[in-house]
2 protein chains.
Amino acid sequence: MELLKQKIRNEGMVLSETVLKVDSFLNHQIDPNLMNEVGQEFAHLFKNDGITKVLTIESSGIAPGLMAAFHLNVPVIFARKRKSLTLMNDLLTASVHSFTKQETTEISVSKQYIGKGDRILIIDDFLANGQAAFGLIDIVLATQAEVTGIGIVIEKAFQSGGQQLRDSGYRVESLARIKSLKNKQVQFIEETGAAVK
Amino acid sequence: MELLKQKIRNEGMVLSETVLKVDSFLNHQIDPNLMNEVGQEFAHLFKNDGITKVLTIESSGIAPGLMAAFHLNVPVIFARKRKSLTLMNDLLTASVHSFTKQETTEISVSKQYIGKGDRILIIDDFLANGQAAFGLIDIVLATQAEVTGIGIVIEKAFQSGGQQLRDSGYRVESLARIKSLKNKQVQFIEETGAAVK
């Protein structure tokens with residue numbers, strides 16, 4: 001998705017060989033027009049798959065997940081990263097390790113909102129080691145619903161999550177696939193690579 | 001906003017005299033069409049106020065905040081509830097006590113995204129004691145930006161936050177104002193009240 005890649009080139013900050021900061025349009029400040037285009041693109045990619053619900057994870061998955069759900073005309077559910085007082089019963093849970101934050105979190109979804117016959121599109125902002133995606137898959141597999149596809153805004157293709165998910169048979173559609181963050185440069189897959197910052 | 005009130009009447013669950021659970025369309029599963037209407041309504045209410053940015057708080061503020069920002073054609077920033085590895089420098093912070101969760105959280109916004117000349121519309125899902133709203137106001141006031149208005153999806157008008165904010169001179173627009181949750185019933189202000197659950 002060219003608009004997204006331009007945004008990453010112009011505003012992304014390469015903090016290390018593994019960390020790309022996109023706080024100006026995705027992870028802290030959000031560009032709603034870009035998110036709308038991202039949602040449209042996901043809806044286009046999965047339009048023939050009979051998606052019944054989008055599943056994402058708080059907080060940075062909510063914006064792309066909501067816009068994808070809006071354009072697919074289905075509800076979106078966001079997995080919670082810890083239990084809250086008003087979300088307690090009948091939870092589906094999975095453990096997710098974040099390499100960026102160096103911590104393991106329990107994520108949870110109410111059983112009430114995913115069930116037999118549901119065809120789930122998982123959406124997330126980043127795909128690196130695939131921990132969040134596999135956690136969300138575990139949750140869906142614990143119901144009688146099906147993981148129909150996985151839509152990722154930015155895939156760090158030099159980390160193993162994308163390959164693992166594809167090797168497991170899942171269809172993964174990433175709108176920007178980063179080959180390398182070496183030398184403070186963002187190199188996209190099948191691109192000549194453009195310097196940022 | 002009649003569509004929202006209908007949704008609250010039909011799907012809201014009154015857990016106690018102070019807790020209304022709306023996990024089926026706002027706080028866990030999200031109805032994107034309803035959020036789009038909510039965003040349109042906020043944009044309509046504040047269309048003449050020269051809003052330059054929307055400010056909300058993770059996680060449940062993101063959906064209505066994003067849709068309001070989309071229809072106002074401005075960026076949205078979501079305050080973080082704790083520091084993350086990729087969001088560390090130049091933070092504006094405030095303490096927010098949640099009566100629902102019985103805990104105090106530090107919320108933070110990067111100084112980079114709010115500054116002189118900004119006219120900020122604060123958006124949140126619920127208004128009860130006003131803690132989150134006052135925390136977000138504190139953050140804006142620590143910059144040279146201005147709080148131009150506050151948009152709330154559901155106001156628990158029997159709690160003091162809305163009155164305190166209005167007494168402090170802020171314009172607060174709530175799309176549904178709840179007078180009482182007594183006897184497991186949702187009663188709206190200036191409405192005859194309808195039973196839920």
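It should be emphasised that the depicted structure is a prediction, and the values quoted were computed from it without experimental measurement. So you know, we letter chains A, B, ... as the sequences are listed, proteins then strands, and number each from 1. FYI, side chains are in, hydrogens and waters are out, and symmetry mates aren't considered; it's all heavy atoms of this structure.
In this structure, B:R80 and A:D23 have side chains that are not in contact, with every pair of non-hydrogen atoms separated by 4.5 Å or more. Annotation: side chain of B:Q29 is not in contact with side chain of A:V76 (no heavy-atom distance under 4.5 Å).
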Query raised in the report: What do the steps show when you test B:I77 against A:I30 for side chain to side chain contact (heavy atoms under 4.5 Å, CB included), and what is the final call?
Result: CA-CA 6 Å; B:I77 301 151; A:I30 304 171; over 6 Å; no
Query raised in the report: Run the side chain to side chain contact (heavy atoms under 4.5 Å, CB included) check on A:V109 and B:H28 step by step: do they pass?
Result: CA-CA 8 Å; A:V109 171; B:H28 184 33; 3.9 Å; yes
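Residue A:I114 does not touch chain B at all, counting heavy-atom pairs closer than 4.5 Å. For A:S98, no part sits under 4.5 Å from any heavy atom of chain B, backbone or side chain.
Taking B:N36, B:D31, B:N73, B:L72 one by one and counting their heavy-atom pairs under 4.5 Å with chain A, the maximum is reached by B:N36. For the options B:P75, B:S24, B:P32, heavy-atom pairs under 4.5 Å to chain A are most numerous at B:P32.
Within 6.0 Å of CG on A:N183 lie no more than 12 heavy atoms contributed by other residues, nucleotides or ligands.
For residues 40-71 of chain B, the interface with chain A (any heavy-atom pair closer than 4.5 Å) comprises B:K53, B:E58, B:S59, B:S60, B:I62, B:A63, B:L66, B:M67, B:A69, B:F70, sorted by residue number. Applying a 4.5 Å heavy-atom cutoff, none of the residues of residues 142-152 of chain B approach chain A.
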